[in-house]
Amino acid sequence: MLMRVLLCCGLATVVPSALAMTVYKSIDAQGNVVYSDRQTPGAQAFVIQERKPARLLLERPKPTYPPQAYRYPLPWRGGPFRLTQGPNGNFSHTDAKSRYAMDIAMPEGTPIIAARSGMVVKTENEQVGRGNDASGNFVRVRHDDGSDAVYLHLKQGSVSVRAGQRVSVGSPLALSGNTGNSSGPHLHFVVQRATEAGLVSIPYEFNQPVGTLPNFAAGL
Ligand SMILES: [Zn+2]
């Protein structure tokens, strides 16, 4: 019986101890099919080939994204400011694009600076108030590893970079605001990566602790 179980597993995966082994199939007195590694009269022999480990490694699914070693410096000047909604926040950080975003409450007009070097790939600077786009005014910076940082809800007319421009850590980007789907002045800072399913938010960490506030001013 043990051999039967082993054989079933072996066919589906790998027999770890040998490159190939022979098992024998026979039918016992009760009519049950029996597999054994010993040859008995009338038994039918099977040779089981082990698949090569190198091939198994290739067949493993690739992770969607590598773990982020980079620790983000705080993307603003001034403060200290507090986190009002963190990763998996149940107010609005519930979808794939924003799951690991953080909201930091700060007065409108706070200088927003690049937390990581890269190329500005998209900006919006003209939105007034809630407007049509939930992001409000924003700056999207593509890093050299292909991930994006997005700085959202910026003050109208304050975006000082344009698509195609390279920025380094500390480069001024805009002033914070309260545009788009935002119920109080804050910065929504998110790191995203493009996948086959579209943009997804990926976990990140600041390089220093940020205090938290109750979520009384929760925004998007
Ligand atoms: Zn948010």
Side-chain angles (χ1 to χ4, degrees), residues 64-65 68 70-116 118 120-143 147-161 167 169 172-195 197-220:
T64 312
Y65 49 79
Q68 285 209 88
Y70 187 82
R71 296 282 182 273
Y72 288 76
L74 301 181
W76 60 80
R77 295 203 193 283
F81 302 127
R82 304 289 179 85
L83 194 69
T84 56
Q85 187 180 194
N88 288 308
N90 57 14
F91 182 78
S92 59
H93 296 173
T94 52
D95 67 1
K97 279 179 157 181
S98 65
R99 182 152 297 127
Y100 299 104
M102 297 196 215
D103 289 335
I104 301 97
M106 60 184 68
E108 284 189 56
T110 301
I112 300 301
I113 58 177
R116 188 171 183 178
V120 177
V121 290
K122 198 171 183 189
T123 64
E124 170 59 58
N125 194 27
E126 304 304 325
Q127 192 160 322
V128 182
R130 287 185 74 85
N132 297 320
D133 186 343
S135 302
N137 300 307
F138 65 87
V139 173
R140 174 178 292 272
V141 176
R142 183 142 307 153
H143 310 133
S147 63
D148 289 356
V150 201
Y151 309 72
L152 290 89
H153 308 312
L154 304 171
K155 188 172 179 178
Q156 187 210 6
S158 76
V159 174
S160 58
V161 290
V167 294
V169 175
L173 301 178
L175 302 177
S176 71
N178 189 23
T179 56
N181 190 3
S182 173
S183 57
H186 77 284
L187 174 71
H188 171 112
F189 181 68
V190 64
V191 182
Q192 296 176 331
R193 183 172 287 281
T195 70
L199 287 167
V200 297
S201 162
I202 58 177
Y204 70 90
E205 287 179 23
F206 289 124
N207 69 356
Q208 61 180 276
V210 178
T212 56
L213 276 178
N215 198 8
F216 58 81
L220 181 66

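Owing to the predicted nature of the structure, the values given are computational and were not obtained by experimental measurement. All residue numbers in this chain count up from 1 along the given sequence. Both ligands and their constituent atoms are indexed starting at 1 by order of listing. The figures that follow rest on heavy atoms only: side chains count, while hydrogens, waters and symmetry mates do not.
The aromatic rings of His93 and His188 sit perpendicular to each other, their planes meeting at more than 60°, with 30° as the lower class boundary. Relative ring orientation between Phe206 and Trp76 is described as perpendicular, the plane-to-plane angle rising above 60° on a 0-90° scale split at 30° and 60°.
Within the 4.5 Å cutoff, the side chain of Val141 has no heavy atoms near those of the Arg116 side chain.
For the pairing with Asp148, the side chain to side chain contact (heavy atoms under 4.5 Å, CB included) check across Arg142, Arg193, Lys122, His143 returns one residue only, Arg142.
The atom of Asp103 that is an N, O or S and sits closest to the Zn ion (ligand 1) is OD1. For His188, the N, O or S atom with the smallest separation from the Zn ion (ligand 1) is ND1.
Taking backbone and side chain together, His93 holds an N, O or S atom under 2.8 Å from the Zn ion (ligand 1).
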